[in-house]
Visitor: 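One structure, as structure tokens, below. Some questions next.
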Amino acid sequence: MNELFAICRTIEIDEDRPSGFWLAVRTETGEAKPWPIVIGRKGNRFFGYENACPHTGSRLDTEPGQFLDEDGNFLTCGKHRAQFDLDTGNCFIGPCRGQQLTPVILVIDDGDVCVTGVELAEEDGLDRGD
């Protein structure tokens, strides 16, 4: 599964504002399953994680646009205020301390931010309003 799936352009990811995306992955039975992810950057380095707090599985961005702490240094769960290191996904403050976010493998290809290592559903069919 080394296929690349372009998600956005690198210039669309601001250093001080990670972006959330709704994708769909194929399950073992071939069905499409919602897959929320978050992509951010520090300088020229990009990071990607599943947009799910290990504490309860809720999305990190329960408050629209609120992924980062007030200083812009750490991913923050909008529901429980748990904080995660951008480089490792490790939680160091909050109810899931010692756990970590699930990483998403990113590849930068000709100005595109791409995910790899997953099988995306061709049509997401999610029609999500959130």
Side-chain angles (χ1 to χ4, degrees):
M1 278 195 225
N2 292 326
E3 192 170 353
L4 300 180
F5 300 97
I7 304 304
C8 63
R9 302 288 296 162
T10 56
I11 60 172
E12 295 176 59
I13 304 295
D14 294 330
E15 187 163 353
D16 59 345
R17 176 168 268 169
S19 296
F21 298 89
W22 278 99
L23 306 175
V25 292
R26 283 271 171 233
T27 65
E28 292 177 7
T29 61
E31 297 174 329
K33 172 185 162 193
W35 191 46
I37 66 171
V38 57
I39 297 174
R41 74 186 301 169
K42 286 172 71 177
N44 288 327
R45 295 182 323 169
F46 288 80
F47 61 86
Y49 296 103
E50 288 187 6
N51 190 355
C53 181
H55 178 231
T56 63
S58 62
R59 288 183 17 216
L60 298 171
D61 60 338
T62 55
E63 298 173 27
Q66 299 298 313
F67 277 122
L68 295 176
D69 67 314
E70 60 267 0
D71 297 323
N73 295 318
F74 309 105
L75 280 173
T76 301
C77 175
K79 188 167 188 174
H80 301 105
R81 310 312 298 164
Q83 291 190 325
F84 302 88
D85 181 89
L86 291 175
D87 293 317
T88 65
N90 290 328
C91 179
F92 60 93
I93 293 175
C96 52
R97 186 177 183 164
Q99 295 178 305
Q100 70 181 76
L101 299 172
T102 302
V104 172
I105 301 169
L106 298 179
V107 173
I108 307 304
D109 182 47
D110 196 27
D112 288 328
V113 180
C114 305
V115 296
T116 189
V118 297
E119 184 180 351
L120 293 184
E122 195 159 318
E123 294 183 31
D124 66 16
L126 298 176
D127 297 329
R128 304 205 62 99
D130 53 354

Visitor: To the nearest 0.5 Å, what is the distance between NE2 (H80) and SG (C53)?
Guide: 7.0 Å
Visitor: What pair of heavy atoms forms the shortest contact from C114 to A6, and how long is it?
Guide: SG-CA, 3.8 Å
Visitor: With no hydrogens and no angle check, is any side-chain donor or acceptor of D14 less than 3.5 Å from a backbone partner on R17?
Guide: no
Visitor: Do L75 and L86 have side chains that approach each other closer than 4.5 Å (heavy atoms only, starting at C-beta)?
Guide: yes
Visitor: With the side chain counted from C-beta on, respond yes when L60 and L101 share a heavy-atom pair under 4.5 Å apart, and no when they do not.
Guide: yes
Visitor: Between E15 and G43, what is the shortest heavy-atom contact and its length?
Guide: OE2-N, 3.0 Å
Visitor: Please enumerate all residues that pass side chain to side chain contact (heavy atoms under 4.5 Å, CB included) together with V107, with sequence neighbours excluded.
Guide: L4, T116
Visitor: Which heavy atom of P54 sits nearest to which heavy atom of Q100, and what is that distance?
Guide: CG-O, 3.8 Å
Visitor: Verify side chain to side chain contact (heavy atoms under 4.5 Å, CB included) between V113 and I108, making sure each step is shown before the conclusion.
Guide: CA-CA 5 Å; V113 180; I108 307 304; 3.9 Å; yes
Visitor: Let me confirm one number: the CG-CH2 distance from N51 to W22, rounded to the nearest 0.5 Å.
Guide: 7.5 Å
Visitor: To the closest 0.5 Å, what do you measure between CZ (F47) and CD1 (I13)?
Guide: 9.0 Å
Visitor: For residues F5 and L23, determine if any side-chain heavy atom of one lies less than 4.5 Å from a side-chain heavy atom of the other.
Guide: no
Visitor: Check E28, E3, R26 against E119 for a side-chain contact (heavy atoms from CB on, under 4.5 Å) and give me the one that passes.
Guide: R26
Visitor: Please report whether the ring centroid of F84 lies less than 6.0 Å from that of Y49.
Guide: no
Visitor: F74 and I93: same hydrophobic cluster, using ILVMFWY side-chain contacts below 4.5 Å?
Guide: yes
Visitor: What's the shortest heavy-atom distance between G57 and A52, and which atoms?
Guide: O-CB, 3.8 Å
Visitor: Just wondering, are more than 12 heavy atoms of other shown residues or ligands nearer than 6.0 Å to CG in N44?
Guide: no
Visitor: Could you give the distance from CD1 (I105) to CG (N2), rounded to the nearest 0.5 Å?
Guide: 8.5 Å
Visitor: Is it the case that over 12 heavy atoms from other parts of the model lie below 6.0 angstrom from the CG atom of D110?
Guide: no
Visitor: Could you check whether any side-chain N or O of R41 sits under 3.5 Å from a backbone N or O of T10, counting only pairs where one atom can act as donor and the other as acceptor?
Guide: yes
